[in-house]
Participant: 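First, the structure itself, so that you have it in front of you.
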Amino acid sequence: MTTGRTTPAPRPAAGALRLVEASTTRPRTVDLGDYARQMTAHCPYLAPSLQRGLTTWTVYRAVGDAEAVQAELFHAGVQAAEWLRPLLNRPHGLLRCENIVLVGEVPGTRHRDLLAWPHWTLKNLYGPVGVMFGKFSAGEGEVTAAGHRIPAAPASFLPVRAAVRRRDPRFLSATPDLAAVLAAADDDGRDMFEHIPTEWMEIRTWARHLLPPAKPSPSWPDTPASPPTRSS
């Protein structure tokens with residue numbers, strides 16, 4: 001997967017994620033076919049996306065410590081979003097979905113914790129330009145806003161897709177400010193890093209100030225709250 005836009009630099013954590021499979025509709029490392037087909041019952045856009053080959057998966061293996069892996073997940077998310085942005089206004093652009101898959105283990109840290117801060121940061125960074133990030137952790141079931149249980153993901157991943165402005169804000173009831181931003185999203189071609197830092201720790205500090213009031217997280221004692229755990 002390539003992008004014509006600049007991505008944030010420097011990357012002191014480069015190498016913490018090892019590319020296993022480049023963007024593909026049928027990854028061999030993890031079996032996601034049955035899961036994706038089951039999920040079509042819960043996402044009206046997924047079936048036509050699969051049929052047109054517009055749902056892709058990039059697989060990475062964690063080989064660094066937790067902080068470095070988070071930094072690289074953020075960078076991978078930026079790459080995916082910047083690749084997606086110019087495609088959204090093309091035919092079937094709204095059906096495109098690039099998924100960042102995480103395999104491998106980081107001792108002492110769950111995948112859901114590895115995904116939490118990159119997901120929250122990316123969602124807030126790209127919400128204003130209409131790019132939506134989700135979050136699914138391997139083996140953990142999800143429940144929709146309507147109370148329907150959806151299948152547990154066979155692997156952890158961050159889906160990156162076009163925001164559906166009439167639908168997605170409903171999934172962000174815990175973060176009404178973000179919901180409002182997403183509902184009014186418009187991509188004016190802006191440089192996403194014109195007014196925010198490019199170092200991961202500074203980016204995380206920026207994102208921390210956007211958190212809604214919540215209980216302190218024991219895993220992040222220096223933060224007033226943890227990112228919301230909802231997947232979308």
Participant: Under the salt bridge (Lys or Arg N to Asp or Glu O under 4.0 Å) rule, what pairs show up with a residue in residues 100-111, not counting sequence neighbours?
Facilitator: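 Qualifying pairs: Arg110-Asp113.
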
Participant: Hey, are the side chains of Tyr126 and Val78 touching, using non-hydrogen atoms and a 4.5 Å cut-off?
Facilitator: yes

Participant: Give a yes or no on whether Val181 and Val129 share a hydrophobic cluster (residues Ile, Leu, Val, Met, Phe, Trp, Tyr; joining criterion: side-chain heavy atoms under 4.5 Å apart).
Facilitator: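 No, Val181 and Val129 fall in different hydrophobic clusters.
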
Participant: Among pairs that include at least one residue of residues 24-36, which meet salt bridge (Lys or Arg N to Asp or Glu O under 4.0 Å), considering only residues two or more places apart or in two chains?
Facilitator: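 For residues 24-36, and leaving out neighbouring residues, the salt bridge (Lys or Arg N to Asp or Glu O under 4.0 Å) pairs sorted by first residue read Asp34-Arg37.
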
Participant: For Ser49, check side-chain hydrogen bond (donor to acceptor under 3.5 Å, both in side chains) against everything at least two apart and list the hits.
Facilitator: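 Applying side-chain hydrogen bond (donor to acceptor under 3.5 Å, both in side chains) to Ser49 gives Thr55.
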
Participant: For Tyr45, what residues pass the side-chain hydrogen bond (donor to acceptor under 3.5 Å, both in side chains) criterion, not counting sequence neighbours?
Facilitator: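 Tyr45: side-chain hydrogen bond (donor to acceptor under 3.5 Å, both in side chains) contacts with Arg166.
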
Participant: Run the side-chain contact (heavy atoms from CB on, under 4.5 Å) test against Ala47 and tell me which residues pass, sequence neighbours left out.
Facilitator: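 side-chain contact (heavy atoms from CB on, under 4.5 Å) list for Ala47, sorted by chain: Thr40, Gln51.
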
Participant: Give the intermediate values and the outcome of side-chain contact (heavy atoms from CB on, under 4.5 Å) for residues Phe157 and Ile100.
Facilitator: CA-CA 5 Å; Phe157 67 100; Ile100 301 164; 5.9 Å; no

Participant: Partners of Asp177 by side-chain contact (heavy atoms from CB on, under 4.5 Å), sequence neighbours excluded?
Facilitator: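 For Asp177 there are no side-chain contact (heavy atoms from CB on, under 4.5 Å) partners, ignoring immediate neighbours.
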
Participant: Identify, with sequence neighbours excluded, every residue that meets side-chain contact (heavy atoms from CB on, under 4.5 Å) alongside Ala185.
Facilitator: Arg165

Participant: Linking I/L/V/M/F/W/Y whenever any side-chain heavy atoms sit under 4.5 Å apart, do Trp120 and Val69 land together?
Facilitator: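 Yes: a chain of side-chain contacts under 4.5 Å links Trp120 to Val69.
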
Participant: State, with a plain yes or no, whether a side-chain heavy atom of His42 is found less than 4.5 Å away from one of Pro151.
Facilitator: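 Answer yes - side chains close enough.
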
Participant: What residue pairs, at least two apart or across chains, pass salt bridge (Lys or Arg N to Asp or Glu O under 4.0 Å) with a residue in residues 88-97?
Facilitator: none

Participant: Among all residues two or more places apart in sequence or in another chain, which pass the side-chain contact (heavy atoms from CB on, under 4.5 Å) test with Ala138?
Facilitator: Ser156

Participant: Of all residues at least two apart in sequence or in a different chain, which pass the side-chain hydrogen bond (donor to acceptor under 3.5 Å, both in side chains) check with Thr29?
Facilitator: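 Glu21.
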
Participant: Quick check: closest heavy atoms across Gly64 and Val106, and the distance to 0.1 Å?
Facilitator: O-CG2, 3.7 Å

Participant: Going hydrophobic residue to hydrophobic residue with side-chain gaps under 4.5 angstrom, can you get from Leu19 over to Val63?
Facilitator: no

Participant: Report the residues that fulfil salt bridge (charged side-chain N to carboxylate O under 4.0 Å, His left out) with Asp188, sequence neighbours left out, ordered by chain and then residue number.
Facilitator: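 If we apply the salt bridge (charged side-chain N to carboxylate O under 4.0 Å, His left out) test to Asp188, skipping adjacent residues, the hits are Arg190.
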
